[in-house]
2 protein chains.
Amino acid sequence: MIHIQEILWYNIKKGDVMNKRKVPKATMQRYPLYLKALKKLQSLGIDRIMSNQLGSFIDVEPTTIRRDFSFIGTLGKQGYGYDVETLIDTFEGHLGGTYNEKIIIVGAGNLGRALMNYNRWNNVVGEVACAFDIDESKVGVVNDIPVYPLSQISKSIPVGCRIAILTVSHDAQETVDKLIEAGIVGIISFTHDHIRVPKDVFIKYVDVISSIQELVFQVNNI
Amino acid sequence: MIHIQEILWYNIKKGDVMNKRKVPKATMQRYPLYLKALKKLQSLGIDRIMSNQLGSFIDVEPTTIRRDFSFIGTLGKQGYGYDVETLIDTFEGHLGGTYNEKIIIVGAGNLGRALMNYNRWNNVVGEVACAFDIDESKVGVVNDIPVYPLSQISKSIPVGCRIAILTVSHDAQETVDKLIEAGIVGIISFTHDHIRVPKDVFIKYVDVISSIQELVFQVNNI
DNA sequence: CTTAAGTTGTTAAATGATTCACATACAAGA
DNA sequence: TCTTGTATGTGAATCATTTAACAACTTAAG
């Protein structure tokens, strides 16, 4: 004899837990694009959108968009489309739009300072809390952001800080090891070096040179 | 009766022309990584390598590496491995290592100037020939690189220039349209805007904010 | 020369991602 | 309220990429 509670539990499990399928990597890479596009559309006064309109706006198949959205939940209404504001709120919740992500910059050279002067951090992912550099002469303040000596990382790293932007020009691996020890679990690396991290730490490369090389390859192989 | 020439022709065609399969996108994205790793290994004095050694160095399956390499040609020797110098030469040939790629930077603000001061362009993909900015007050010279008014793009763009780095903060789409008109076929965009290009033009985004958002999503969904 | 050990390049199998196709449900107008 | 048109969300099919498995070949040693 099967108890009603078992049936309910089974359905809940099946519907909520088991359906929480792993989000494909390719899908994750498109989420920031969706958010970007939706904000643009909102700023143009659009408050409701269909998957094929959004698709033609960003060159993604409507059906790909619908499937990508479905990993997050049931966001649209059949026969109606999607509410732009709802979508933006949902995506911001997942992509750091609570604006309380504390980010540190490691390496206060040309690029590091350019990033500190970049004025679009707030209201996008959070704020740059502070920076670090191994060179004591770089210590000080840039655009209201304090720069500390790298040796003080474990003392000066903000509470709850998980993400670091790496703009050092030397000893990248060594620096990353220190960051992980200090509790960092996500790294954006601007260096052209390959860095090894444990598999519970995520690293993403923002590498102009690799991008140009890939572009040259594409241009040469039409 | 079949003539010997037909057999030879058939074999050549089958082996050389038909096997020139289209390189997968995923593979293209790994080529710069391979080149980077190989150069590192060479600087450590390694002149011969096996696919599984390289694989464990960069966390890519050896069999993926071998397949990726096979799109370019027969680069290794069975029972021996790969000659590091040969690999580097081959990849450099495909990825702009002839160092004669003339690159322009469009937008001479903080980021644009930081890129001009970045001193690792030479001997990697080519050189930054010049820069452009819509703001006449930015015109001048930065790190020996001339900065021209954007209005002069069609006159001042170097002959044979195919690749532009976009670091403008406004009117990205409009600027890109001008670049394409001036003969640019590959664009690295640092802007956070979505840009539309004809399908014979390639665009790659180097976008800190999207990267951070993707990282936040990953960190939140372990 | 012959054999053993080892690594590539590639065919075939497995996994991952995209697109098709359609049942389902909502919206809007009569 | 009913009916019609429309857009979503999702199994099933297709396409793309990765991994496994192995034949073919190279080196090196006896």
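Predicted, not measured: the structure shown is a model, and the values here were computed from it. All values below come from the heavy atoms of this structure, side chains included, with hydrogens, waters and symmetry mates left out. Below, chains carry the letters A, B, ... as their sequence lines are ordered, and counting in each starts from 1.
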Strictly under 3.5 Å: I want the nitrogen or oxygen pairs between protein and nucleotides 12-15 of chain D, one per line.
| from | atom 1 | to | atom 2 | distance (Å) |
| --- | --- | --- | --- | --- |
| D:dA12 | N6 | A:R67 | NH2 | 3.4 |

As a test of reading the structure: which of D:dT18, D:dT17, D:dT19 is closest to the side chain of B:K25, going by heavy atoms?
D:dT17
Closest to the side chain of A:K77, out of D:dT19, C:dT18, C:dC26, is C:dC26
Using heavy atoms and a sub-4.0 Å distance, could you list which residues of residues 38-60 of chain A are near DNA chain D? By number, please.
A:M50, A:S51
Taking only residues at least two apart or on different chains, which pairs with a member in residues 162-178 of chain B satisfy salt bridge (charged side-chain N to carboxylate O under 4.0 Å, His left out)?
B:E101-B:R162
What nucleotide, of D:dT18, C:dG9, D:dT19, holds the atom closest to the side chain of B:R66?
C:dG9
Nearest to side-chain heavy atoms of A:P24, which nucleotide of C:dT18, C:dC20, C:dA17
C:dA17
Closest to the 5' end of DNA chain D, once A:S70 and A:Y80 are matched to their nearest nucleotides, is A:Y80
Taking N and O atoms by type only, does the side chain of B:Q78 place a donor or acceptor under 3.5 Å from a partner on the base of C:dT8?
yes
Looking only at side chains, do B:D68 and B:Y34 share a donor and an acceptor under 3.5 Å apart?
yes
Salt bridge A:R48-A:D83, side-chain N to carboxylate O under 4.0 Å:
no
Should A:R66 and A:E61 count as an ion pair when the cut-off is N to O under 4.0 Å?
no
Are B:F69 and B:Y82, when compared by the centres of their aromatic rings, separated by less than 6.0 Å?
yes
Selected nucleotide, minimal atom distance to A:Y82 side chain, candidates D:dT8, C:dC20, C:dT8:
D:dT8
Out of D:dT18, D:dT10, D:dT27, minimum distance to the side chain of B:A26 belongs to D:dT18
Whether B:K22 engages the ring of B:F71 as a cation-pi pair (distance to the six-membered ring centre under 6.0 angstrom, angle to the ring normal within 45°) should be assessed.
no
State whether B:T64 places a side-chain N or O below 4.0 Å from either non-bridging phosphate oxygen (OP1 or OP2) of D:dT19.
yes
